[in-house]
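Reading through the structure tokens given below for one structure.
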Amino acid sequence: MADRLSRHELSELCLGKPPLRSLSVEDTVADALAALKRIDDTYVSVWNCHHSFIRKPQQQNQTTISKCTNCTCIGKLCMVDIICFLSKPKNLSAPSAALHSPISALLHQTSPLLVRHLPPTASLAEAIDVMHEGVHNLVIPIQNQFEGFDSNILRHDDKKTYCWLTQEDIFRYLLNAIGVFSPTPAKPINTLGVIDTQNLFAVCYDDPASSVLDLLSLSLIYQNSVAIVDPNGKFVGEISPFVLNSCDEAVVPAIATLSAGDFTSYIDCGGPPEDLVQLVKERVEERNLSELLLDETGLCSWSSFSSSCSSDEDSCSGKNWKVGGYSGRVGRRSEAMVCYRWSSLVAVMIQALAHRVSYVWVVEEDGTLTGIVTFQAMLKVFREHLKSMC
């Protein structure tokens, strides 16, 4: 049974997957911002070719990149990448120039290592092996794509469309066959070596929110989050990329002016409290951050820049409403997911999948933060189990 499971082809997991929305390496930060506001996905893919779904065909033909048959996905971007970039001190004072920056300014050095092309005939075992190396997304050609009448489907020079598989997709597939791995899933996580105590990113409640920026960028690579602790090391909350991806560029002034603890309240899905909105406005004025363009509500209006910088005039209008930077396209609560060292592997796995996150914090009974369990660590357990049974 385990051998048969490991030989399942990735094409089975790709059924029903929508075609990837692609950006070109020639696009700008403003283009990426506009793209993320237009789509429902958290991430948008970046390619080394001229294909970009936010540019009209005639605009794509004007690119300086020569057409080739080797269109390759070289990375992925999310709203957190843009927020961290715009929150850098040099970009706070020159937002227009920041938004005109090439999209490469958003890509991490490790970005090409986080995505990998695989054929649809690759096996589940191959996918798990690749993800065990640190890959987040597998880029797969879509087989038998129904042509229909959708002229908006972007095809690359090889005439193919692509989708991608995430670690979450793999775990949902494994959960359907969880009995194959018995009794391992029922074992406590502290007996399986999945609790990470090294890559544990944390700040104190009263630390500036801006001190979290580098940790947030790292958390995207490690697919975890940034914990907020009190002076005694007790876990009190988090600044999660999964919550922050539900926001937009309007949270930049809050990052520049609030404490880490206050910032978690600011990005809660109910919208920022009025007193924090007023506090941000006052501190922006005190620090002469006039380029942040606060409007009459005290919120940042970067969109006046992004809409003018984007290659698609309508792309920034999107289909989102926002209050203080919170976007209505995704509902996320800032309540953090926690477990205990004696929690079972399958319980932690289900907890993460149910809340659409790739990690769960590990705390003691008194609330002391002791570690974190990620999909990456759990994947190692399932990989070893499959190899031992085949």
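In what follows, residues are counted from 1 in the order of the sequence shown.
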| message | Working to the nearest 0.5 angstrom, can you tell me the gap between Ile350 CD1 and Leu345 CG? | response | 10.0 Å
| Would you say Ser388's side chain and His385's backbone share a donor-acceptor pair under 3.5 angstrom? | yes
| task | Would you please test Trp361 and Leu200 for side chain to side chain contact (heavy atoms under 4.5 Å, CB included) and show each step? | result | CA-CA 10 Å; Trp361 297 105; Leu200 197 59; 3.6 Å; yes
| field | Flag side-chain contact, heavy atom, 4.5 Å: Ile221 against Gln109 | value | no
| request: Compare all side-chain heavy atoms of Tyr266 with those of Leu258 and state whether any distance is below 4.5 angstrom. | output: yes
| query | So do the side chains of Ile228 and Val203 get within less than 4.5 Å of each other, counting heavy atoms only? | reply | yes
| query | Does a side-chain heavy-atom distance below 4.5 Å link Phe171 with Ser358? | reply | no
| Shortest non-hydrogen contact from Pro19 to Thr161? | CB-CB, 4.4 Å
| note | For Val80 and Leu220, the nearest pair of non-hydrogen atoms, with its separation, is CG1-CD1, 3.9 Å
| Same cluster for Leu15 and Leu174 if Ile/Leu/Val/Met/Phe/Trp/Tyr side chains link at under 4.5 Å? | no
| Does the side chain of Thr264 come within less than 4.5 Å of Asp268's, by heavy atoms? | no
| message | Rounded at 0.5 Å granularity, tell me how far OH in Tyr359 sits from CG in Asn224. | response | 8.0 Å
| field | Gap between atom SG of Cys163 and atom CG of Leu20 - 0.5 Å precision | value | 6.5 Å
| Can any side-chain N or O of Asp366 pair as donor or acceptor with the backbone N or O of Thr368 at less than 3.5 Å? | yes
| said: Do Thr28 and Asp31 pair up side chain to side chain, a donor and an acceptor below 3.5 Å, judged on atom types alone? | reply: yes
| query | Where the side chain of Thr72 meets the backbone of Asn70, is there a donor-acceptor pair that is under 3.5 Å apart? | reply | yes
| With sequence neighbours excluded, what pairs up with Asp169 under the side chain to side chain contact (heavy atoms under 4.5 Å, CB included) test? | Lys17, Leu165, Thr166
| said: For Lys380, I'd like to know if atom NZ has over 12 heavy atoms of other residues, nucleotides or ligands within 6.0 Å. | reply: no
| Does a side chain donor of either His8 or Tyr173 reach within less than 3.5 Å of an acceptor in the other side chain? | yes
| request: Using the side chain to side chain contact (heavy atoms under 4.5 Å, CB included) rule, take Val373 and Val362 through it: C-alpha gap first, then chi angles, then the decisive distance, then the call. | output: CA-CA 7 Å; Val373 179; Val362 183; 3.7 Å; yes
| field | Within-4.5 Å side-chain heavy-atom neighbours: Glu249 and Leu33 | value | yes
| field | Polar side-chain atom of Asp196 near backbone of Gln198 as donor-acceptor pair, under 3.5 Å | value | yes
| Do you know which two heavy atoms are closest between Ser101 and Phe85, and how far apart they sit? | OG-CZ, 3.7 Å
| request: Could you tell me whether His117 and Trp47 have their ring centroids closer than 6.0 angstrom? | output: yes
| field | Heavy-atom pair with the smallest gap, counting every atom of Gln376 and Met131 | value | NE2-O, 2.9 Å
| message | Once salt bridge (Lys or Arg N to Asp or Glu O under 4.0 Å) is applied, what residue pairs with a partner in residues 105-121 remain, sequence neighbours excluded? | response | Arg116-Glu133
| task | Apply side chain to side chain contact (heavy atoms under 4.5 Å, CB included) to Leu107 and Leu77, showing your working. | result | CA-CA 7 Å; Leu107 294 173; Leu77 294 174; 3.7 Å; yes
| Distance from Asp230 atom CG to Phe235 atom CZ, nearest 0.5 Å? | 11.5 Å
| Selection residues 170-190 - residue pairs positive for salt bridge (Lys or Arg N to Asp or Glu O under 4.0 Å), sequence neighbours left out | Glu168-Arg172
| query | So, the side chain of Arg38 versus the backbone of Ile54: is there a donor-acceptor pair under 3.5 Å, distance only? | reply | no
| said: Determine whether Tyr205 and Val229 satisfy the following criterion, side chain to side chain contact (heavy atoms under 4.5 Å, CB included), listing intermediate values before the conclusion. | reply: CA-CA 6 Å; Tyr205 188 93; Val229 297; over 6 Å; no
| said: So, taking the atom named OG in Ser123 and the one named CG in Leu10, what distance separates them when rounded to the nearest 0.5 Å? | reply: 7.0 Å
| said: For the backbone of Ser259 and the side chain of Asp262, can you confirm whether one donor and one acceptor N or O come within less than 3.5 Å of each other? | reply: no
| message | Give me the atom names and distance for the closest heavy-atom approach of Cys73 to Val115. | response | O-CG2, 3.6 Å
| request: Please indicate whether Tyr222 has more than 12 foreign heavy atoms, meaning atoms of other residues, nucleotides or ligands, lying under 6.0 Å from its OH. | output: no
| message | Side chains of Thr42 and Asn245 only: does a donor on one sit below 3.5 Å from an acceptor on the other? | response | no
| request: State, yes or no, whether a side-chain contact exists between Ile170 and Leu13 at a heavy-atom distance under 4.5 Å. | output: yes
| field | From Leu213 atom CG to Leu218 atom CG, the distance as rounded to the nearest 0.5 Å | value | 11.5 Å
| Residue pair Phe242 / Ser225, side-chain heavy-atom distance below 4.5 Å | no
| request: Write down the atom of Ser24, the atom of Ile103, and the distance for their closest heavy-atom approach. | output: O-CG2, 3.7 Å
| request: May I ask you to decide if Ile128's main-chain N or O and His132's side chain share a donor-acceptor pair within less than 3.5 Å? | output: no
| same_hphob_cluster(Leu113, Leu379) at 4.5 Å side-chain heavy-atom cutoff | no
| request: Establish, from distance only, whether the side-chain atoms of Ser22 and Tyr162 form a donor-acceptor pair under 3.5 Å. | output: no
| Between Asp81, Leu244, Ile255, which is the residue that forms a side chain to side chain contact (heavy atoms under 4.5 Å, CB included) with Leu216? | Leu244
